[in-house]
Amino acid sequence: MVNASLLAHPLADELTSVRHTRPCALVIFGATGDLTKRKLVPALMGLAKDGLLPTGFAVVGFARRPWSDGSFRTELGDGVRQFGRSDTLAAFEQLQEAFTFHQGDFADPAAYHSLRLELDRLDQKRGTAGNRLFYLATPPSSYSSILQQLAASGLSREADGSFARVIVEKPFGRDRSTAQALNDQVREGFRERQVFRIDHYLGKETVQNILALRFANGIFEPLWNEKFVDHVQITVAESIGVGSRGGYFEESGIVRDMIQNHLMQVLSLVAMEPPVALSAEAVRDEKVKVLKAIRSFRPEQVAAATVRAQYTRGSFGGEDVPGYTEEAGVAPDSTTETYAAVRLQIDNWRWSGTPFYLRAGKRLARRATEVAIQFKQPPHLLFEGGKQPQPNVLLLRIQPDEGVALRFGAKVPGPDLRIRDVRMDFRYGTAFGGETADAYERLLLDAMLGDGTLFARGDEVDEAWRIVDSIVEGWQRSGQRPLGYAAGTWGPDAAARLLEAGRSWRKP
Ligand code: BG6
């Protein structure tokens, strides 16, 4: 039974969370690429399996290669088999007809004219009702042509109550000025509410759980500030190297590839003020305020507040692995960083004086993404003798082994009053069981629903680049080479110097 007082609440829609997708056609630019096969179509089939796709639905793959509908479908079927959740292949087999291929050059107006005719035809044939979702899954060098053509052809226009939306993959620019140029270009055809900038970390259940943990519970928020929190560590450690992406990584480095987007997004969810509602604007207004409260570094401050490093040859799981400069597509004298650690200060009432330490790296000892909130010690330690209790840590394990743990001191049984650290541990797998949906499922669904909460707004991207640009500029001016760390370790020892006052990096 529905609670009547709930329905009267102005936020009833959000609280009851019943959401319906409208029919639509999804046009994927760059549909012959890896992302479509590995992520997008398997995610769509996950939605299909759970009955979350609209009834009127079609996918048009737009790319330069001369593929047919048949070869497109074969390739996608392969992708679903390899990368889809269990039982999604059956969904794909049932929905095959919904996938068509449109060959064209991204800069050719004629290709957009024929795309429009194709979409009109699908409105009739598959009931897509004039609603269009454009997904830019190409290399960023093609974004500009596509956006220009979408605006010029009128495909970005919303007519007669129908919607036109654009999803932009990362990387969104390679610095603040290219991101601003891209934002300007996006806005030539689309309004902000039509734009969905992907950061797949926001699609992860455990990242969304940061909001749930903070704002669905009464016990954490009173402690969530500089009075009680000693510092926060945000770690995204990967065990993989750059693999076949050496060419791309050379142009980006870990600070652009991971910190500007994923770590900054996680940081803003951890540090933001409570939003007035769970609406896209209210949540993103608070996130951007946190980013604005982080001061840019002056070039001469960067050396003391950051550490950058590059992996050298080492071993992983008993096997020798190459150093970064030995990877394909990487210059032998490359100075690109594969590890970065940064100490950030948030200049607002909540966090003044509480450092946030961020680190991300490739080829580290293990894969682990986590947020550790370390609390201050009690004002007076009563327990003498033996080991002093360690500070309390609230650990949000984003992946793998998703969950939340609280470390606290407990009495060791026996006649003496001795304290030992123990953990209260919540594990997603144990509590909820089942297979969790991939981040792209949630993000594609939300874009179809027109809900931008889990997407980066233009101003958030801009602020994150402002901070990252100031770091990169400091590194460039210093002209110093990155430090080295052996593959399979926790990064350079020098990273310890960022943490003052007896603090140390966690080893997840
Ligand atoms: C991507 C980066 O955005 O995120 C990759 O470009 C990185 O370099 C990946 O490996 C990590 O994502 P996840 O979901 O595996 O943590």
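Positions are given from 1 along the sequence. The shown structure was predicted, so the numbers you read here are calculated from the model rather than taken from an experiment. Just follow the structure's listing: the first ligand is 1, and inside any ligand the first atom is 1.
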Would you mind running through ligand 1 and noting each atom that sits below 4.0 Å from a heavy atom of [X]?
X	answer
D257	2 (C), 5 (C), 6 (O), 8 (O)
K204	13 (P), 14 (O), 16 (O)
K170	1 (C), 2 (C), 3 (O), 6 (O)
H200	1 (C), 3 (O), 4 (O), 12 (O), 13 (P), 14 (O)
M258	2 (C), 4 (O), 7 (C)
K362	5 (C), 7 (C), 8 (O), 10 (O)

Looking at [atom], what's its closest protein heavy atom, distance included?
atom	result
atom 10 (O) of ligand 1	E238 OE2, 2.5 Å
atom 15 (O) of ligand 1	R367 NH2, 3.9 Å
atom 16 (O) of ligand 1	Y201 OH, 2.5 Å
atom 5 (C) of ligand 1	R245 NH1, 3.4 Å

- prompt: Is any N or O atom of T369, backbone or side chain, closer than 3.5 Å to an N or O atom of ligand 1?
  reply: no
In terms of relative ring orientation, are [X] and [Y] parallel, tilted or perpendicular, with 30° and 60° separating the classes?
X	Y	result
Y428	F426	tilted
F29	F134	tilted
Y357	W505	perpendicular

query: Is it the side chain (CB and beyond), the backbone, both or neither of F249 that lies under 4.0 Å from ligand 1, heavy atoms counted?
result: neither
task: Let me know which of E473, Q260, R176 forms a side-chain contact (heavy atoms from CB on, under 4.5 Å) with V468.
output: Q260
Could you tell me whether [X] and [Y] make a salt bridge, using a distance below 4.0 angstrom between a side-chain N and a carboxylate O?
X	Y	value
K292	D459	no
R457	E460	no
D446	R442	yes
K362	E238	yes

